[in-house]
Amino acid sequence: MKVFKGKGVYGAVAIGNASLFKRNEIPVKRVSITDVEAEKARVDKAKEHSLEQLKDIYDKALKEVGETNAQIFEIHMMMLEDDDYNDSITSIIETQKVNAEYAVAATSDNFAEMFSLMDDSYMQARALDVRDISNRIIGNLSQEKLPSTYSDNKMIICSDDLAPSETVSLDKNSLLAFVTANGSANSHTAILARNMNIPAVIGVGADFLSQVQDSQLMVVDGYTGEVILEPDEKTLTKYKIKQAEDTAKKKLLLELKGKDNVTIDGTKIEIFANIGSTSNIGAVLLNDASGIGLFRSEFLYLENSDYPSEDQQFLNYKKVLESMAGKKVIIRTLDIGADKQVDYFNLAKEDNPALGYRAIRICLTRPDIFKTQLRALLRASVYGNLGIMFPMITSVSEIEKIKKICDEVKAELKSNNIRYSDKIEIGIMIETPAAAIISDKLAPLVDFFSVGTNDLTQYTLACDRQNPILEDFCDTHHEAILRLIKFAADNAHKYGKWIGICGELAADTSLTESFLRMGIDELSVSPSYVLKVRDTVRNINLK
Ligand code: PEP
Ligand code: MG
């Protein structure tokens with residue numbers, strides 16, 4: 001038994017087999033194709049192959065585990081022949097001119113999400129099956145060896161570090177937890193782990209990877225940051241108990257669904273959720289968030305191998321808005337750059353990327369990219385209650401430029417008779433000290449502020465959020481940060497505007513009372529933290 005210690009970034013306990021992350025095995029990339037028929041033929045061949053495999057597995061299961069248990073593979077064979085499923089794959093290849101792997105993966109995501117949102121628990125369980133058969137087809141398309149059943153294919157991914165683009169590409173269905181040798185708690189990889197409800201420990205030390213082998217039993221404690229390799233019997237039992245208690249506690253929180261976010265003395269606050277993709281919507285609904293306070297739209301760009309088209313973006317935004325059925329959805333425009341690098345942007349290497357060419361700075365100098373996104377957002381706005389938020393603001397002139405571009409896009413849409421809502425709220429991130437300090441000048445120009453405490457902390461304390469050595473210096477409770485938030489809140493309210501917090505600090509329940517006392521109107525947190533923050537709010541008395 002070996003024990004490693006890092007930083008837990010999502011509180012949960014995982015027990016399972018280790019799997020060393022192999023960089024060249026990132027699944028499913030979106031590739032543009034020209035020969036649609038050839039791509040459809042590839043799907044047919046991979047499906048045929050999958051069907052043969054499933055027949056073999058069914059026969060084996062029938063002998064070894066009996067008919068009832070083997071039936072699942074019959075269901076898989078039926079799903080493989082399902083018309084809706086197959087039509088969706090074909091239509092994605094034909095309309096988007098993309099590779100078969102991508103079309104199968106996208107169909108899998110859509111169907112799995114549809115199943116998981118159904119009321120019936122039997123139908124919910126079909127989400128896993130649709131993913132399983134899709135993975136089988138994708139594996140056969142790329143000739144990879146597949147496990148014969150999915151019962152034991154959930155792994156604890158062990159890596160030196162994971163870039164945000166790698167994290168979003170991980171197959172969530174085979175991911176039990178992840179452990180990285182390096183990495184910092186404020187990185188986007190850590191944020192993604194929280195958004196995806198994945199127990200994760202980062203920064204366990206450089207010698208970790210030399211000690212781990214594939215398939216070794218491992219315990220990951222996302223609360224304490226402990227990672228135990230090959231635990232002895234006593235340790236394993238201890239963690240099994242901890243895991244069961246944790247699950248029971250989380251179940252208890254579900255009783256708060258449908259309840260108000262209100263303190264004992266009657267002060268109300270909105271609790272929204274942060275998402276990075278439409279695949280997080282299920283978790284938002286499950287945890288009863290009253291809206292989406294931050295949709296990090298850049299992950300759409302990170303998942304793509306080329307600029308996402310206006311239509312592709314439109315469909316994503318429409319889906320979120322429709323799913324939230326009139327609840328507020330705040331979509332943040334592209335915040336690419338710094339640690340969120342996308343190859344096809346061809347951004348030059350910079351010495352200080354966090355202080356460099358990123359976010360709104362890219363949008364204002366590349367209006368082609370910015371206008372495509374704004375058009376998609378405006379078109380989607382008629383499907384729900386949209387707010388658009390701009391990242392990395394430092395000045396009044398940036399807002400003036402943004403508004404001018406927005407007006408141009410609106411005029412273009414109008415002249416083409418394309419509808420957009422006239423009730424869209426426009427907001428900015430307060431994530432630079434400059435924005436907080438001139439918040440009295442910015443408030444009259446916008447409808448709301450949302451404080452990005454992750455960047456506000458790094459810029460105020462001059463602490464690179466990506467650098468694990470600085471973690472002890474990166475005091476998110478520093479008085480300077482809290483004063484800047486209070487200052488921005490007072491200025492927002494002076495002009496009748498609302499203010500939220502969407503950085504990770506919003507989920508820090510030791511500060512919830514302070515935020516309420518500052519008059520913060522909304523806290524936006526990872527979906528799995530919504531009910532925990534609600535619980536905290538309901539136990540606070542401000543009188
Ligand atoms: C922040 O900086 O607090 C924030 C919410 O944005 P991101 O973490 O995506 O930079
Ligand atoms: Mg930020």
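None of the values given here were measured: they were computed from a predicted structure. Start at 1 and go down the list; that is how both ligands and their atoms are numbered. All residue numbers in this chain count up from 1 along the given sequence.
Using a cutoff of 4.0 Å between basic side-chain nitrogens and carboxylate oxygens, E408 and K404 are scored as salt-bridged. A salt bridge links E504 to R194: at least one charged side-chain nitrogen sits closer than 4.0 Å to a carboxylate oxygen. Between R361 and E398, none of the side-chain N atoms (NZ, or NE/NH1/NH2) sits under 4.0 Å from a carboxylate O, so this pair counts as no salt bridge. One finds a salt bridge joining K250 and D246 here, because a Lys/Arg side-chain nitrogen approaches an Asp/Glu carboxylate oxygen to under 4.0 Å. A salt bridge is defined here as a Lys NZ or Arg NE, NH1 or NH2 lying under 4.0 Å from an Asp or Glu carboxylate O, and D335 with R358 meets this definition. Using a 4.0 Å cut-off between charged nitrogen and carboxylate oxygen, K494 and D490 do not count as a salt-bridge pair. Ion pair R534/D288 flagged as a salt bridge, since at least one NZ, NE, NH1 or NH2 atom sits closer than 4.0 Å to an Asp/Glu carboxylate oxygen.
Listed by first then second residue, pairs satisfying ring pair (Phe, Tyr, Trp, His ring centres under 6.0 Å) with a partner in residues 465-496 number zero, not counting sequence neighbours. Note on residues 218-227: pairs passing salt bridge (charged side-chain N to carboxylate O under 4.0 Å, His left out), not counting sequence neighbours, are D221-K242.
With respect to the Mg ion (ligand 2), E431 has OE1 as its nearest N, O or S atom. Among the heteroatoms counted here (N, O or S) of D455, OD2 is the one nearest to the Mg ion (ligand 2).
Close approach of ligand 1 to D455 is summarised as follows: ligand atoms under 4.0 Å from at least one heavy atom of the residue are 1 (C), 2 (O), 3 (O), 10 (O). Under a 4.0 Å criterion applied to the non-hydrogen atoms of M429, ligand 1 contributes the atoms 4 (C), 5 (C), 6 (O). Those atoms of ligand 1 with a heavy atom of C502 less than 4.0 angstrom away are 5 (C). For ligand 1, the atoms closer than 4.0 angstrom to any heavy atom of G503 are 3 (O), 5 (C). Contact atoms of ligand 1 toward L294: 5 (C) (distance under 4.0 Å to a heavy atom of the residue).
The side chain of R296, and not its backbone, has at least one atom closer than 4.0 Å to an atom of ligand 1 (non-hydrogen atoms only; side chain from C-beta on). Heavy atoms of K340 found under 4.0 angstrom from ligand 1 belong exclusively to the side chain. Residue contacts with ligand 1 for L456 are absent, since no atom lies close enough (heavy atoms, distance under 4.0 Å). Here M392 has no heavy atoms under 4.0 Å from ligand 1, in either its backbone or its side chain.
No heavy atom of Q458 sits closer than 4.0 Å to any atom of ligand 1. Assignment of R465 to the shell around ligand 1 is supported, since a heavy atom sits closer than 4.0 Å.
Some N or O of E431 is nearer than 3.5 Å to an N or O of ligand 1, by distance alone. Considering both main-chain and side-chain atoms, R358 never comes within under 3.5 Å of ligand 1 through any nitrogen or oxygen pair.
Note that OH of Y420 is 14.0 Å distant from CZ of R379, once rounded to the nearest 0.5 Å.
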